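This structure is a prediction, so every number in the text was calculated from the model and none was measured. Throughout, protein chains are lettered first and strands after them, A, B, ... in sequence-line order, and every chain is numbered starting at 1.
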Amino acid sequence: MEKYDPKAIETKWQRVWEDERAFYVPNPEPGAEPDDEFYMLEMLPYPSGNLHMGHVLNYTLGDVVTHFKRRQGLNVLRPMGYDSFGLPAENAAIKEGGHPREITERNIVSIERQMRRLGWAIDWDRVIAAHDPAYYRWTQWLFLKFFEKGLAFRKEAPVNWCPNDQTVLANEQVIDGRCERCGAEVEARKMEQWFFRITAYADALLDDHALLDWPDRTITIQRNWIGRSEGAELLFRIEELDVDLPVFTTRPDTVFGATFCVLAPEHPLVDRLVERSPNADELREYVRRSMAKRGEIRAAAEEKTGVFTGLYAINPATDEPIRIWVADYVLMEYGTGAIMAVPGHDERDGEYAKKFGLPVVTVIDEDRVLVNSGRFDGLPADEAKKAIVDWLGEQGRGRPAVSFRLRDWGFSRQRYWGCPIPIVYCEQCGIVPVPEADLPVLLPEVEDYRPKGKPPLASNDEWLHVPCPRCGGPGVREADTMDTFVDSSWYFLRYVDPHNDGAPFERWLVDFWLPVDQYVGGIDHATGHLLYSRFFVKVLNELGLLGFREPFQRLFHQGWVRQGGSKMSKSRGNVTAPDQLADMYGADAVRLYILFVGPADQDMDWTEEGIEGIGRFLRRLWRIVNEAAGATEGGDGGPLVRKAHETIAKVTDDIGRRFVFNTPIAAVMELVNELGRNPSAPGARFAAEAAVSLIQPYAPHIAEELWAQLGHERLWEQPWPVADEAQLERETFELVIQVNGKVRDRVEASVEESEEELIARAKQSPRVQAQLDGKEIRQAIVVPRKLVNLVV
RNA sequence: GCCGGGGUGGCGAAACUGGUCAUACGCGCCUGACUUAAAAUCAGGUGUCCCCGCUGGGGGCGUAAGGGUUCGAGUCCCUUCCCCGGCACCA
């Protein structure tokens, strides 16, 4: 028997698979109907130079499912790509020199080598990269479709502005309110930006959760993020301005208790209020200061602030004049940017009223019934909501309304390394889309990636100034780039048709493969990528580009693999990179270990303690299977054969139904241990074959080699084993005998025995008799094929 | 504060719909075999307390804490404590 040499075996089989194109998946012939196709997808990596253990967990898990489903006879699409635009490469270029493209492409080469080293079954013909013009051409094309529909648009919105670097910062670049690079305090600034109108899909995004087989917590996170609130919009008349001020409330039942109104400092009516206000100077100063503060700073304020405008609005329920205030605890982004304040029943309003000495009226008593509410007195609060809105509605002073917390998706980035936005600004024509025929708008070369008050792309004058596509007059290109989440909102569609240069994808191909049958990725994308992609698919569906409404049918979140910071890794020194670990123990050991160490959906602190044990297991497997290879075929029945069938059933159920990945490994270990104890028992060969076959999705290299030593070929395409029900059937079982719920004895019993016979046997047990000690048996519970419980 | 997830041996964790002395599988540790020795490998042991006629056998207690439901609870219900994650002036 040769020694187990993981490196040699792994190189050998990886070459065989590549030569045979074992895991390349051709597209169907046109007209093919979806039947046995299965789309397995893991979130694509950002190509940093190195794989980390989180990647290894993510992609090994996907790999196990891929092999499992393939061997169950499904046609499995399992592609890979790179989310290759984005800040890290750009920051590296700024810091160390070089071009973000060179850095990115070097990293892609490196990360792909590491992926191949781990032996993942990937269709490398379908690789895509966000920064490849052949890809981002279609990102731009899709943008144009959204633009035509009015779903991509420009509007003014507050952004993070670093006064020192003269640039807009992404939220991720603001650390504790300061610029991550220079440390200057970041300001809020209003700028015109590009947005996707995701808010128009808020209800669809909520409703279609019903179509998904997703974890509850993810759906809950999305639901909270979208934040649908039902209530009413009520009109508070401001006579001095001759306008009706609309306010949104979820508590129209408390309108009789609305004793003042508050406007956000950004509210469009504020300017007009200032004009009329006796407090104009104070008000103007307050508005100026609040608007320079970012939202988080405002939210963190310990005490509420605000200024009385000196003007009044009419409460539509009481017809009483109430004071109008401007205060920054009211947010312009939510509802109408103005509220009716009900200090008696809203904590925040109450706090405010207390500070400024404003009147407080209680309108709901302890029985949740209305008081001080005129004709509505005595009505239960939940009934009053509708009644009051109806009543105000009849007078034209209110209507039912729904408010969302979800905001439109701002995707302008004043950065270099991203997808250019295909727009030209023309003095005559305004915002003009670049014609489809002129795509892609290639990312221009620039001298300096640092944004200096204008986006880096704008520093290339030659690129920036182009004739207007519509009138031919002087035009200026959009110099912002797109958020990288745009790139990743449709990549899963491109995989099915990655080389198409006439369209982003063929509709029949996406309709054939999608929705994704199993998606695997981190839960950190719950309110980002997973929401954006759903939005994209809904829009593309409406555009007739595809025939489904949801991209990801089933979703699984792998846990976080934490590294560093923990006691363990500090005391143990540096953490080894996955490919180094593969060189030390073999790829199979790394793959097994990351899945064996705990449940895949649970966070873990990375430790290398224990990978030795996997190494031992693989060497033992190698030895024991080699020995069993000499055993004769056949051997029906017997404990070893039964154990093998039980293991087949367990592993199949765990991966297929329960979607758990650590316990199948333990089950195969048990089988191998049993086989090791009985190397020449009947069925040894069968047990060895089962063990090898079952471990193949986890450790495909050693499995393939051992399969060959067992005299077979091409395990990767062998049908997944099926447990023989007949072999699982038992004639006898171990009867557990309990007295008052405590196990007292266990005896062998036949499955044929009746309840009475089992009870009789229980009573006969000497150990039971000792417990009974002459006491009267009041009841006997029998669980068929399991136990008898005697109650005394 | 709100929402979600979780607390099981020295450690990572099993126990899937309440039903086989809870702790499978692995790590670590202990003992033994092989060896001049060590490593590797192999075999055995490893919750806790107690009892006995003590190379064996028996019993009590144990799944964050307390209570409940049940013939039977790690699993279901209630209360409390702790940890992790998300959201957080959203009217």
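B:rG44 shows a glycosidic angle more than 90° from 0 and is accordingly assigned anti.
Residue A:Q738 is in base contact, counting any heavy-atom pair closer than 4.0 Å across all strands shown. As judged by a 4.0 angstrom heavy-atom cut-off over every strand, A:D524 is placed among residues making no nucleic acid contact. Counting any heavy atom pair closer than 4.0 Å across all strands shown, A:R620 reaches sugar-phosphate atoms only and no base atom. Counting non-hydrogen atoms under 4.0 angstrom, A:R677 reaches nothing in the nucleic acid. Residue A:R658 is in base contact, counting any heavy-atom pair closer than 4.0 Å across all strands shown. The residue A:V783 sits close to a base: some heavy atom pair falls under 4.0 Å. Across all strands shown, A:V262 has no heavy atoms under 4.0 Å from either base or sugar-phosphate atoms. A:T527 comes within contact range of no nucleotide atom at all, as no heavy-atom separation falls under 4.0 Å. Residue-level contact check: A:D216 touches neither bases nor backbone, having no heavy atom under 4.0 Å from any strand. Nucleic acid contact class of A:G613 (heavy atoms, under 4.0 Å, all strands): sugar-phosphate only. Residue contacts shown for A:E612 are absent, as no nucleic acid heavy atom lies under 4.0 Å away.
Whole-Å rounding puts the A:I339 CD1 to B:rA91 C1' distance at 6 Å. For A:L787 and B:rU20, the CG to C1' distance is 7 Å, given to the nearest whole Å. We find that CD of A:E333 is positioned 14 Å from P of B:rA91, with the value rounded to whole Å. For A:E347 and B:rC2, the CD to P distance is 11 Å, given to the nearest whole Å. Nucleotide B:rU20 holds its C1' atom 14 Å from the CD atom of A:E646, rounded to whole Å.
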Quiz item: Under the salt bridge (charged side-chain N to carboxylate O under 4.0 Å, His left out) criterion, do A:E674 and A:K643 qualify, and how do the steps go?
Solution: CA-CA 8 Å; A:E674 184 107 354; A:K643 181 75 181 174; 5.0 Å; no
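Contact annotation: A:N224 side-chain N/O to B:rA88 OP1/OP2 distance is not under 4.0 Å. Note on A:R619: a side-chain N or O is less than 4.0 Å away from OP1 or OP2 of B:rU41. At B:rA13, one or more side-chain N or O atoms of A:Q602 fall inside 4.0 Å of OP1 or OP2 (strictly under the cut-off). Between A:R623 and the phosphate of B:rC42, there is a side-chain N or O to OP1/OP2 separation shorter than 4.0 Å.
Judged purely by atom type and a 3.5 angstrom limit, A:R591 has no side-chain atom pairing as donor or acceptor with the backbone of A:A699. Judged by distance alone, the side chain of A:D408 and the main-chain N or O of A:T199 form a donor-acceptor pair under 3.5 Å.
Defined by atom type and a distance below 3.5 Å, a donor-acceptor pair is missing between the side-chain atoms of A:Y352 and A:D346. Judged purely by distance below 3.5 Å, without hydrogens or angles, the side chains of A:S754 and A:E757 pair a donor atom with an acceptor atom. If you check the side chains of A:R405 and A:N224, you find no donor sitting under 3.5 Å from an acceptor.
For RNA chain B, the stems formed by at least three consecutive Watson-Crick or G-U pairs, with both atom-pair distances below 3.5 Å, span B:1-7 with B:81-87, B:10-12 with B:25-27, B:28-33 with B:41-46, B:47-52 with B:56-61, B:64-68 with B:76-80.
Between B:rG12, B:rC89, B:rA91, one nucleotide has an atom nearer to the side chain of A:K304 than all others, and that is B:rC89. Across B:rA14, B:rG26, B:rU41, the shortest atom-to-atom separation from the side chain of A:R616 is found for B:rU41. Here B:rA14 is the nucleotide among B:rA91, B:rG26, B:rA14 with the atom lying nearest to any side-chain atom of A:T663.
Comparing B:rU70 with B:rA43, their P atoms are spaced 49 Å from each other, to the whole Å. Comparing the same atom, C1', in B:rG18 and in B:rC71 gives a spacing of 12 Å after rounding to whole Å.
For the pair A:R534 and A:W409, the cation does not sit on the ring face, since its NZ or CZ is not both under 6.0 Å from the ring centre and inside 45° of the axis. Judged by the 6.0 Å distance and 45° axis criteria, A:R323 is not positioned over the aromatic ring of A:F356.
Expressed to the nearest 0.5 Å, how far CZ of A:F195 lies from CZ of A:R407 amounts to 10.5 Å.
Side-chain contact check for A:F404 versus A:L206: some heavy-atom pair is nearer than 4.5 Å. Counting heavy atoms from C-beta on, the side chains of A:L234 and A:P246 never come closer than 4.5 Å.
Side-chain to base pairing of A:R657 with B:rC16: one donor and one acceptor N or O lie within less than 3.5 Å of each other.
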Detail all sub-3.5 Å separations between protein N/O atoms and N/O atoms belonging to nucleotides 31-33 of chain B.
none

